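Written below as structure tokens is the structure these notes are about.
Since the model is a prediction, treat every value here as computed from it, not as a measurement.
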Amino acid sequence: MSRIRVATWNVNSVRKRLKLLAQFASEASPDVICLQEIKCRDAEFPINDIKAMGFEHVMLNGQKGYHGVAVLSKWPLSGRQAIDFIGSGESRHLAVQVKTDNASAAPLLLHNFYVPAGGDEADPEVNKKFRDKLAYFEALTLWGKKQRRKKAARVMVVGDLNVAPLEQDVWSHKKMVKVVSHTPVEVELFERAKAAGGWEDVMRRFVPPEEKLYTWWSYRARDWQKANRGRRLDHVWVNAALAPNVTAVSVLRDMRGWEVPSDHVPVLIDLED
DNA sequence: ATGGTGGCACCGCCA
């Protein structure tokens with residue numbers, strides 16, 4: 001039995017964030033980091049810098065300039081899988097199995113997602129990006145139904161899902177209800193996908209839904225902290241087999257104020273393995 | 001009511 005700490009973070013260019021990543025790794029000591037928006041091809045990934053931070057095991061699903069996801073780990077990784085859920089050709093998913101030192105524990109599977117942001121116009125008729133986003137959640141619903149049958153494995157879904165589902169996941173429900181990320185149609189599909197997989201929204205086990213909780217603050221504010229117009233776009237879902245192992249979840253809000261920040265901050269998940 | 005910033009592309013696209 002040992003403790004394992006998993007992190008999920010939309011890094012908004014891994015190459016621009018190397019110093020911040022090193023500082024984060026040193027201060028929070030995650031064993032596994034799921035990154036989104038690495039914004040580079042696999043061949044451009046700064047693998048040596050990452051290894052120097054203590055992450056010997058790296059799996060990538062990169063893409064030139066946009067999107068791209070990666071998993072960095074101190075434990076060996078296997079079972080790499082990268083699904084193109086809507087056939088867009090974009091790198092938005094990467095699944096791995098983490099081989100910890102507890103040989104008798106059920107397999108630990110991580111699914112790292114970067115869901116399409118959806119553009120500005122919340123109308124699938126005129127906005128293809130929004131249409132793609134809705135299609136992505138439809139695909140996650142079908143996929144979730146199959147995942148639900150895998151009762152033997154401990155499964156975690158993490159990443160930037162680009163939806164703030166609850167009223168307290170946005171700074172103003174009233175002002176945000178027509179803004180992409182918090183519209184009823186997105187929230188409905190998000191909740192349907194979550195229910196289909198039988199996933200628990202484990203962030204909200206530790207911070208009740210009545211309390212504000214954000215993981216993202218726009219770059220476009222004069223003072224992000226003062227305005228505090230955040231959204232909870234990053235999520236951690238666990239299946240029933242993994243749920244009892246989760247001992248803590250926390251959002252590293254302070255990192256939004258570090259030098260050269262991402263607009264997202266990491267979420268940490270502590271597990272008893 | 002509008003535009004505000006940031007990253008990568010390569011001088012527009014995406015968030």
Return yes if a side-chain donor-acceptor contact under 3.5 Å exists between A:T8 and A:D234, otherwise no.
->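 No, because no side-chain N or O of A:T8 sits under 3.5 Å from a partner of the opposite role on A:D234.
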At under 4.0 Å between heavy atoms, what does A:R256 touch on the DNA or RNA strands: base, sugar-phosphate, or nothing?
->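 The answer is nothing, as A:R256 stays clear of every strand by at least 4.0 Å.
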Hey, does A:R229 reach any base, or is it just sugar-phosphate, or nothing, if we go heavy atoms under 4.0 Å?
->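 Answer is nothing: A:R229 stays at 4.0 Å or more from every strand.
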Dot-bracket for DNA chain B: what is it, with Watson-Crick or G-U pairs under 3.5 Å, [ ] where a pair crosses earlier ones, and | for a pair to another strand?
-> ....((((...))))
Salt bridge (charged side-chain N to carboxylate O under 4.0 Å, His left out) contacts in which one or both residues fall within residues 188-207 of chain A, not counting sequence neighbours |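 Those involving residues 188-207 of chain A are A:D169-A:R204, A:E188-A:R192, A:E191-A:K194, A:E200-A:R205, A:D201-A:R232.
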Audit row: A:W143, A:H111, ring-ring contact (aromatic ring centres under 6.0 Å, His included) steps and yes/no = CA-CA 12 Å; A:W143 174 79; A:H111 287 273; 4.8 Å; yes
Salt-bridge present (A:R5, A:D270; N to O < 4.0 Å) =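 A salt bridge links A:R5 with A:D270.
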Close side-chain approach of A:M255 to A:P266, heavy-atom, < 4.5 Å |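 Side chain of A:M255 against side chain of A:P266, heavy atoms only: contact under 4.5 Å found.
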Are side-chain heavy atoms of A:W217 and A:V265 found at a separation under 4.5 Å?
->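 Yes, at least one pair of side-chain atoms sits under 4.5 Å.
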For DNA chain B, whose closest nucleotide is more 5', that of A:D263 or that of A:R15?
->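 First, find each residue's nearest nucleotide; the 5'-ward one identifies A:R15.
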Upstream residue (5' side of DNA chain B) when A:E44 and A:Y219 are each assigned their closest nucleotide |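 Looking at DNA chain B, the more 5' nearest nucleotide goes with A:Y219.
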Check the pair A:W9 / A:F24 against ring-ring contact (aromatic ring centres under 6.0 Å, His included), numbers first and verdict last.
-> CA-CA 11 Å; A:W9 187 26; A:F24 163 61; 5.7 Å; yes
Taking only the [atom1] atom of each, what is the distance from [N] to [M] in whole angstrom?
| N | M | atom1 | result |
| --- | --- | --- | --- |
| B:dG3 | B:dA9 | P | 28 Å |
| B:dC10 | B:dG4 | P | 25 Å |
| B:dA1 | B:dG6 | P | 27 Å |

Hey, where on DNA chain B does chain A first and last touch, going 5' to 3'? Cut-off is any atom under 4.0 Å from a heavy atom.
->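 Result: B:dG4 to B:dA15.
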Aromatic plane relationship, A:F113 with A:Y136 - under 30° parallel, 30 to 60° tilted, over 60° perpendicular =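 Ring orientation of A:Y136 relative to A:F113: perpendicular.
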